[in-house]
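Take a look at the structure below.
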2 protein chains.
Amino acid sequence: MDFGAEGDPAHLRGGGGMKAATIRDVAERAEVSVASVSRVLNGAGPVTEATRNKVLEAARALQYVPHSGARSLSTSKTQTIGVILPDLYGEFFSELIRGMDVAARSLGYHLIVSSSHDDAEEASAAIRSMRGRVDGLIVLSPHLDAANLAAGLAGRTPILLMNGGAAAGRPSIVVDNHGGAVLAVEHLVATGRRRIVHIAGPAGNLEAEARLAGYLQAMARAGLPTSVVEGEFTQASGHAAGVALARREPRPDAVFAGNDNMAVGAMLALQDGGLRIPEDVAIIGFDDVPIASLVRPGLTTLRIHIAETGRSALERLVRLINAAGEAVADTACEIVRPELVVRPSSNPATPTEASSVPSNAGERLRALAETPSLKGENS
Amino acid sequence: MDFGAEGDPAHLRGGGGMKAATIRDVAERAEVSVASVSRVLNGAGPVTEATRNKVLEAARALQYVPHSGARSLSTSKTQTIGVILPDLYGEFFSELIRGMDVAARSLGYHLIVSSSHDDAEEASAAIRSMRGRVDGLIVLSPHLDAANLAAGLAGRTPILLMNGGAAAGRPSIVVDNHGGAVLAVEHLVATGRRRIVHIAGPAGNLEAEARLAGYLQAMARAGLPTSVVEGEFTQASGHAAGVALARREPRPDAVFAGNDNMAVGAMLALQDGGLRIPEDVAIIGFDDVPIASLVRPGLTTLRIHIAETGRSALERLVRLINAAGEAVADTACEIVRPELVVRPSSNPATPTEASSVPSNAGERLRALAETPSLKGENS
DNA sequence: CTGTTAGCGCCTTCAG
DNA sequence: CTGAAGGCGCTAACAG
């Protein structure tokens, strides 16, 4: 043990002040080559039980941890995927990320998130800055069209589009926003509503526009006059819209908001304006974020299994990554169809006298019926 | 879409099939050395206007994007920081991450998140896997104590602890959970409540335990009998607790939940059980997540400016990173003091007859008063 | 089975 | 001002 007697005090510090050990340090201490160390640590290649032990013991002694950055460089695999999103507000994106994170973990990938890109240029820069640090990208930022995407990538980084603008020929996942909106309107019409207002998402947002289009079409088909208020997908904008609507004459008898965020904001505003939900005004949102079932009355909405969608998106991207070159096969645009979830906020108008009690029986009943879902979604 | 008249068919594909250009490719095309390219692209070092132009133009033609992984290896700076958290459920962590993300962006850092580590071993592995891909770590996972931390790092990766277990001698940020709990109880006592039950967070969670301890101490000081129900920080567990409490005799007149999640769950259960909030039972939570102001009645809680805390945490970590070696100065444990936010859920018991209208005047008033904050928080 | 040798793509002295 | 050369830490052919 000539080398063992070195007595280097720095090593004794247990990783406190020393520079991290490299594979070479381990090799020296174990008196083998770096190749052997690599082989042992990666479980690849033939190794004697003897050297294996020497390496393992040296690695432990040095508290060696492989430098994933260096490894990435030589394998050209980072085991991390990037997610480009518009911002982190609201529950939609956090749910989505949660789903992706779960999938990523189980597939051995890391997640690197990048958000709040105001314009296409900035978003494009963000995606560019990902080169060399991710194996693939999931893009949700609505600012990125096909052109900017192309400008952003030099290489063939696999990309999964989820920003509503299904660029033809690119793997993508889009929600059937139009169809969902139609379902919403049809539900309201079927339950006796006629003066149905739509609180739209921001102009330029493809999802918002598709939902708006669906509303317009369904209303036209029902022979009803349309009315659209502009919103921004935020609770605040929904609230503002609600304030305005509460004063409008004749008062709307239903509100279809472009997403749950705005629906909740509008609901609070309408309630604060003295209107009863759903007796005076029915409300329906879009997305089915967790909060939708927690507000009172519970919010009718179009359910997208958000976390589930995120999980499946990530899995598909990983498949794309592994498929590498010949993945030209997967160029499909997967469509997620929202499902109508009826909650008390859109109950058919009930007799006026019944609505003055804190909670009518019907609502109470539904609330209880919903309870189990809490467990399923949150435990 | 004229990508240049070069006529290279591969390039026309808009980054479709070519392998990404390297710095060497740029150098060759510009007929200079890689060193010059590097200098130009990094704006460092003296360069002739002529070569600078040649390089720039070559880079553009090749759609060159620097490989950040490679750059990291040579500069030993990744410009990304890792966040280790227990899970992504609920609004608390998503708010926190949002705050961090904003700060990271403005400081030129990326964020890599890693969550859902069930035990200390797994969490320790996660943090180990970060070596070489982050410049620093923010640890929120409650499973990691000082020992496991030390075991995880070989080098001197800066770490900011936020898991409630302020390891002495390590930079950390902790919430004054004990003090907050005392505030909660004192508020309830001051408004006439006596049978105050605590829904505690999971045993073993330091935050949960501190809040519990605060509750016990404040109750003792007030000369009141204590009662604790176990929860898990989830809405479901809060709901379950609420169901049990609704049946209890004598009925509690106040519930202090370990966090807002559980408070909301309990509130719904109590309401569904026919109890009125706050007339029959007052409820108070902890954290002040966005949803706290959206449920009805609005939830009284202890406000932690979550996103703000996240932002400041990230900034501090970056400071630590830049301070590099001599940072032994910052070993402090920053304390975040929660602030009591009174909302209708803990209003003093009001006359019974007033409570039968859908919303009493007082609640209505407060709801309106809260509205502006929506704008600030969500726009 | 093991060691040697090239790189991965970039930055950065150090001469010229 | 510019180019050549040596790493950063690791993996992956090759020879032995």
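The sequence lines fix the lettering, A, B, ..., with proteins before strands; numbering per chain opens at 1. Note that these values count all heavy atoms, side chains included, but never hydrogens, waters or copies made by symmetry.
The residue A/Ser68 sits apart from the nucleic acid: no heavy atom pair falls under 4.0 Å. Nucleic acid contact class of A/Ser72 (heavy atoms, under 4.0 Å, all strands): none. Within the 4.0 angstrom heavy-atom criterion, only backbone atoms of the sugar-phosphate kind lie near A/Arg24; the bases stay farther away. At a threshold of 4.0 angstrom between heavy atoms, the contacts of B/Ser76 with the nucleic acid are absent.
Put simply, B/Thr48 has a side-chain N or O that comes within less than 4.0 Å of OP1 or OP2 on D/dT2. The side chain of B/Arg71 places an N or O atom within less than 4.0 Å of a non-bridging phosphate oxygen (OP1 or OP2) of C/dC11. OP1 or OP2 of D/dT11 lies within a sub-4.0 Å distance of a side-chain N or O belonging to A/Ser38. Proximity of A/Ser36 to the phosphate of C/dT2: no side-chain N or O atom is located under 4.0 Å from OP1 or OP2.
Picking from C/dG9, C/dC8, C/dT4 the nucleotide with the shortest atom distance to the side chain of A/Ser33 gives C/dT4. Minimum atom distance to the side chain of A/Arg39 is reached by D/dA13, of the listed C/dC10, C/dG7, D/dA13. The side chain of A/Thr22 has D/dG9 as its nearest neighbour among D/dG9, C/dC1, C/dT12.
Going from atom CZ of B/Arg133 over to atom C1' of D/dC10 covers 13 Å, rounded to whole Å. The CD-P distance, from A/Glu31 to C/dT2, rounds to 14 Å in whole Å.
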